[in-house]
Visitor: 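Following this message is one structure expressed as structure tokens.
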Amino acid sequence: MENTVNKEWYVIHTYSGYENKVKDNLEKRVETLNMEDKIFRIVVPEEKEVIVTPTGKKKEVTRKTFPGYVLVELVMTDDSWFIVRNTPGVTGFVGSHGSGSKPSPLLPEEINFILKEMGLASVTEVDISIGDYVNVISGPFVGMEGKVSDIDLANYKVDVMIELMGRETKVELELYHVEKFN
């Protein structure tokens, strides 16, 4: 059985405007320092909004929902804390009381609400089995349909057989990119 008990979401504070840079830097550090078993998902909360330009044209823009903040799913250890805390652009964890103290994680209902608002699903909401048919709701294959051939909960991945150029092709997607047919 997979151990997800210690995996929790935390909020980190960044320099304003550096949210995506922090996400990229942290993802690179996780990979180069082999921390994939401790630091999982890094999310910059964003929302799409339609604005009207001065010329009267409608334009879709993406805005940061919480400017200056990034969400990180991790197992809190001294190593994971140190790696996140010392990533360039990070000013600290939200909910820390003192320079060396461990922060408080987000409550499950808080992170589920934020992810749902972004059109993402948390793993606690995933109800997909091998053989299920799914819609791709975000990412590069958005709008396509396919059949689940494999699920990797530990890494939040799902393999889906999608028809591309007239043939079935296995595509690896993030779990939150798919939604089961109702």
Side-chain angles (χ1 to χ4, degrees), residues 7-31 36 39-74 83-85 87-96 103-128 132-146 148 151 153 155-160 162-164 171-182:
K7 200 186 307 184
E8 296 181 290
W9 285 90
Y10 294 86
V11 180
I12 55 175
H13 189 260
T14 69
Y15 294 119
S16 187
Y18 281 74
E19 301 89 354
N20 291 328
K21 189 78 173 152
V22 165
K23 179 182 189 297
D24 293 343
N25 285 340
L26 189 50
E27 286 172 344
K28 286 178 188 143
R29 292 185 64 157
V30 166
E31 189 176 328
E36 292 94 344
I39 301 173
F40 305 96
R41 291 192 280 176
I42 302 145
V43 175
V44 177
E46 297 175 324
E47 58 190 359
K48 295 199 184 302
E49 187 177 314
V50 176
I51 62 166
V52 179
T53 66
T55 60
K57 292 183 179 174
K58 288 185 181 181
K59 179 181 176 186
E60 187 174 84
V61 295
T62 303
R63 296 193 194 277
K64 305 279 185 284
T65 308
F66 306 112
Y69 297 95
V70 175
L71 306 175
V72 181
E73 184 183 34
L74 56 84
I83 287 169
V84 172
R85 183 66 188 86
T87 296
V90 172
T91 60
F93 278 91
V94 173
S96 295
S104 302
L106 286 171
L107 296 172
E109 54 270 20
E110 293 171 325
I111 189 61
N112 286 342
F113 176 79
I114 292 168
L115 292 176
K116 205 171 227 168
E117 287 295 305
M118 292 178 62
L120 307 176
S122 74
V123 161
T124 58
E125 294 177 346
V126 172
D127 181 25
I128 296 173
D132 286 347
Y133 286 90
V134 294
N135 286 317
V136 181
I137 57 172
S138 60
F141 299 99
V142 69
M144 300 187 88
E145 301 170 351
V148 175
I151 300 171
L153 278 179
N155 295 305
Y156 304 101
K157 305 283 186 186
V158 61
D159 289 341
V160 179
I162 293 178
E163 188 174 315
L164 290 173
V171 178
E172 183 182 73
L173 301 168
E174 301 285 335
L175 271 172
Y176 56 83
H177 285 265
V178 299
E179 179 178 78
K180 186 175 168 180
F181 281 177
N182 286 334

Visitor: Inspect the surroundings of CD in E31 and state if more than 12 heavy atoms from other residues, nucleotides or ligands are less than 6.0 Å away.
Guide: no
Visitor: Taking G68's backbone N and O only, do any of them form a donor-acceptor pair with E19's side chain (distance below 3.5 Å, no angle check)?
Guide: yes
Visitor: With a 4.5 Å cut-off on side-chain heavy atoms, are V11 and L71 touching?
Guide: yes
Visitor: Taking the side chain as every heavy atom from C-beta outward, state whether L164 and F141 have any pair of such atoms under 4.5 Å apart.
Guide: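 Sidechains of F141 and L164: in contact.
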Visitor: Within the structure provided, determine whether P103 and E8 are in side-chain contact (heavy-atom separation under 4.5 Å).
Guide: no
Visitor: Do other residues, nucleotides or ligands put more than 12 heavy atoms under 6.0 Å from the NZ atom of K64?
Guide: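 Count over threshold, so yes.
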Visitor: Exactly one of N135, I162, V171 should register a side chain to side chain contact (heavy atoms under 4.5 Å, CB included) with M144. Which one does?
Guide: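 Filter result, single survivor: I162.
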Visitor: Anything under 30° is parallel, anything over 60° is perpendicular, the rest tilted; go ahead and classify Y133 against F181.
Guide: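 The rings of Y133 and F181 lie parallel, inter-plane angle below 30°.
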Visitor: Would you mind reporting whether F66 and I114 have side-chain heavy atoms less than 4.5 Å apart?
Guide: yes
Visitor: So, using salt bridge (charged side-chain N to carboxylate O under 4.0 Å, His left out) as the criterion, who are the partners of D132 when residues are at least two apart?
Guide: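 D132 satisfies salt bridge (charged side-chain N to carboxylate O under 4.0 Å, His left out) with K180 once adjacent residues are dropped.
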Visitor: Looking at side-chain heavy atoms only, is the closest gap between I42 and L74 below 4.5 Å?
Guide: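 A side-chain contact under 4.5 Å is absent here.
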Visitor: Can you tell me how far the CD atom of E49 sits from the CD atom of E60, to the nearest 0.5 Å?
Guide: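 It comes to 10.0 Å.
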Visitor: Under the ring-ring contact (aromatic ring centres under 6.0 Å, His included) rule, collect the residues that match up with Y69, sequence neighbours excluded.
Guide: H13
